[in-house]
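Down below is the structure, laid out as structure tokens.
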Amino acid sequence: MASAILASLFHPSEVLALVQYKLAPKTKYDYSKDKMRERLYHHLNMTSRSFAAVIQDLDEELKDAICLFYLVLRGLDTIEDDMTIELDTKIPYLKTFHEIIYQKGWTFTKNGPNEKDRQLLVEFDVVIEGFLKLKPAYQTIIADITERMGNGMAHYATAGIHVETIADYDEYCHYVAGLVGLGLSEMFSACGFESPLVAKRKDLSNSMGLFLQKTNITRDYLEDLRDNRRFWPKEIWGLYAEKMEDLVKPENCDKAKECLSHMVWNAMGHMKDVLEYLEMIKNPSCFKFCAIPQVMAIATLNMLHTNYKIFTHENIKIRKGETVWLMKESDNIDKVAAIFRLYARQINNKSNPLDPHFVNIGVACGEIEQICVDKFPGSTAELARLQAGVMAGTSGSVITAAAVVAGAVALKSTFA
Ligand code: D61
Ligand code: MG
């Protein structure tokens, strides 16, 4: 907490958000009366930093179904990601995972000792038990998406098959993330929280996943390369280097930055669809659940843009304070549109005029701005309010932050 506050010292609204978050009642979720749910939510919290929070804030009708949707696919992804499993072993598991989730008692211990979510599969019997207790309509949606994702993963795991073209890149991201968007939209419509139209808009649902996945793939260049996974399409990196790993060489620093801005621009192509999707979502708990990952993605893209560190450091992340602030602010479409405008402007301001994608990125940012002005006029006032809280680097903000910290310390000692 102290280090998170320190990192946000020049962003007083983040300090405020951190303090509010810290002081908020902690015992919000109590699963102690139900041993199975306790195990399931334990695994959710172990395997996801960001999704655990938004899933647990969903209305009861959808919470367990989406928690299990997440855990099933995280299990599948833990097999996909593990480069220590032989392909002859891996591919059949990926292709049959949609049947495995109906086999009571099934567990999996073939992950390497360093696979981060290994334990989920070691105890996967509890996920299966939970899955089988869901309403059949939710089971069907989950099994269908699992089957399609598993087959897509199997295709791209096959020896000699790589993400070559931009069309491949869109296809791979459709399998691993776009399909999640399709399944979630079906659940929202099936439970009656949202109009049947939401499930019908498969294009927009797909973009919700693609924007998140492309942001991750852009950020994870070095980590994926280290483990011999390659998701940047050759059609993009091939314009800047002979081999993808050449981008990290210091002498290719300028080309690497150009390649990065190409990847950032490509991901930004999904932002219009994301706003259009979020505009459809009426249930407040569904809205926050959908909006928070998206605003975190645009904040991440902003952090990646022109940031050479992605070629030299793994695990670069937005500040904890920024995350907590975004989670607090993302509760209606005007505020989300304002956040999109705020980050689009920051991205544009950072752009280098000598970069080949300078104009492309400028146009993409301008389009976001225009759509928000036209469709979400309330975002203008929200943006002004957000900007008043950002005022990075001014001495005023340091004093404000110091005051908030002092306030928090005082509050804490009052209640202690
Ligand atoms: C609204 C709200 C959440 C949404 C959405 C719409 C549309 C799509 C998504 C979430 C999916 C976003 C995926 C982005 C994060 N990428 C990964 O986790 C990669 O694995 C992809 C395959 C497993 C997908 C698991 C998943 C994720 C989020 C969910 C969900 C299932 C079910 C319900 C709700 C949210 C990535 O993982 C790296 C890692 O191990 O962390 C990878 O292997 O590339
Ligand atoms: Mg994966």
Side-chain angles (χ1 to χ4, degrees), residues 43-44 46-58 62-83 85 90 94 97 111 114-118 120-121 127 131 138 141-142 145-146 148-150 152-154 156-157 163 169 172-188 194 198-199 201-202 204-221 223-224 227 229-232 267 270 273-274 277-278 280-281 283 285-297 300 315 317 330 336:
H43 283 297
L44 176 67
M46 292 303 287
T47 53
S48 154
R49 307 129 231 107
S50 43
F51 289 117
V54 291
I55 290 173
Q56 290 179 102
D57 270 341
L58 279 162
L62 281 177
K63 188 170 155 174
D64 289 350
I66 293 185
C67 174
L68 281 152
F69 190 24
Y70 176 84
L71 291 173
V72 164
L73 297 180
R74 180 57 63 215
L76 176 68
D77 184 52
T78 301
I79 298 177
E80 186 211 21
D81 289 355
D82 191 333
M83 302 307 272
I85 303 173
K90 179 187 282 194
L94 295 176
F97 209 72
N111 277 120
N114 296 325
E115 197 54 38
K116 70 178 169 52
D117 299 326
R118 171 178 213 287
L120 172 66
L121 285 168
V127 176
F131 170 76
Y138 297 137
I141 295 169
I142 294 173
I145 298 297
T146 304
R148 292 160 69 187
M149 188 183 293
M153 286 173 165
Y156 280 95
V163 178
Y169 184 43
Y172 175 74
C173 293
H174 163 74
Y175 286 135
V176 302
L179 284 172
V180 179
L182 267 66
L184 289 169
S185 294
E186 282 186 39
M187 287 187 177
F188 297 159
E194 301 296 340
V198 172
R201 292 306 303 269
K202 297 186 200 295
L204 302 181
S205 306
N206 188 51
S207 288
M208 291 288 285
L210 261 60
F211 186 55
L212 303 181
Q213 186 66 18
K214 287 183 172 184
T215 301
N216 281 2
I217 285 178
T218 304
R219 180 197 60 199
D220 294 341
Y221 169 89
E223 181 187 333
D224 285 339
D227 294 345
R229 288 184 294 256
R230 290 147 198 266
F231 300 118
W232 287 29
H270 302 287
D273 280 0
V274 167
Y277 182 91
L278 293 176
M280 294 193 294
I281 303 301
N283 174 285
S285 95
C286 291
F287 184 86
K288 281 201 89 168
F289 167 74
C290 290
I292 289 170
Q294 304 295 330
V295 298
M296 289 183 37
T300 302
N315 231 325
K317 284 201 214 131
S330 304
V336 168

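These numbers come from the heavy atoms of this one structure, side chains and all, not from hydrogens, waters or symmetry mates. Counting starts at 1 for both ligands and their atoms, following the listed order. On a predicted model such as this, the values are computed, not experimentally measured, just so you know.
Which parts of ligand 1 touch Asn216 is read off a 4.0 Å heavy-atom cut-off, strictly below it: atoms 15 (C), 16 (N). Residue Gly181 has at least one heavy-atom neighbour below 4.0 Å for each of these atoms of ligand 1: 7 (C), 8 (C). Here is the list of ligand 1 atoms found below 4.0 Å of a heavy atom in Lys116: 39 (C), 40 (O), 41 (O). For ligand 1 and Leu212, the ligand atoms under 4.0 Å from any heavy atom of the residue are 4 (C), 9 (C), 10 (C), 12 (C), 14 (C).
Asp81 contributes OD1 and Glu80 contributes OE1; the angle these two atoms make at the Mg ion (ligand 2) is 100°, rounded to 10°.
Checked against a 3.5 angstrom limit, the closest N/O atoms of Glu80 and ligand 1 fall outside it.
A distance of 10.5 Å separates CG of Asp273 from CD of Gln294, quoted to the nearest 0.5 Å. In this structure, Leu62 CG and Asn283 CG are separated by 7.5 Å, a value rounded to the nearest 0.5 Å. In this structure, CD1 on Ile142 lies 14.0 Å from OH on Tyr70, to the nearest 0.5 angstrom. Rounding to the nearest 0.5 Å gives a distance of 13.0 Å between CG of Leu94 and OH of Tyr175. For the atom pair NZ (Lys90) and CD (Glu80), the distance works out to 6.5 Å, reported to the nearest 0.5 Å. Between the OG atom in Ser207 and the CG atom in Leu212 there is a gap of 10.5 Å [rounded to 0.5 Å].
At the top of the distance list for atom 36 (C) of ligand 1, counting protein heavy atoms only, stands Asp77 OD2, 3.9 Å. In this structure, the protein non-hydrogen atom closest to atom 24 (C) of ligand 1 is Val176 O, 3.8 Å. When only non-hydrogen protein atoms are considered, atom 5 (C) of ligand 1 lies nearest to Leu184 CD1, 3.6 Å. Nearest non-hydrogen protein atom to atom 28 (C) of ligand 1 is Phe51 CE1, 3.5 Å. The nearest heavy-atom contact from the protein to atom 16 (N) of ligand 1 is Gln213 OE1, 2.8 Å. Looking only at heavy atoms of the protein, atom 18 (O) of ligand 1 is closest to Arg74 NH2, 2.8 Å. Closest to atom 9 (C) of ligand 1, if we only count protein heavy atoms, is Val180 CG1, 3.5 Å.
Between the choices Leu73, Thr215, Thr78, the shortest heavy-atom distance to atom 25 (C) of ligand 1 belongs to Leu73. With Phe289, Tyr277, Tyr70 as candidates, the residue nearest to atom 26 (C) of ligand 1 on a non-hydrogen basis is Tyr70.
Neither the backbone nor the side chain of Val54 has a heavy atom within less than 4.0 Å of ligand 1.
Across all their heavy atoms, Cys173 and Lys214 have their closest contact at SG-CG, 3.9 Å. Listed here is the closest heavy atom pair of Phe287 and Ser330: CE2-O, 3.6 Å.
Looking at heavy atoms from C-beta onward, Asp82 lies out of side-chain contact with Arg118 at the 4.5 angstrom threshold.
Side-chain atoms of Arg229 come within 3.5 Å of backbone atoms of Asp81 as a donor-acceptor pair (strictly under, hydrogens ignored).
Using cut-offs of 30° and 60° for the angle between ring planes, the Phe188 and Phe289 rings count as perpendicular.
Among the heteroatoms counted here (N, O or S) of Asp77, OD1 is the one nearest to the Mg ion (ligand 2).
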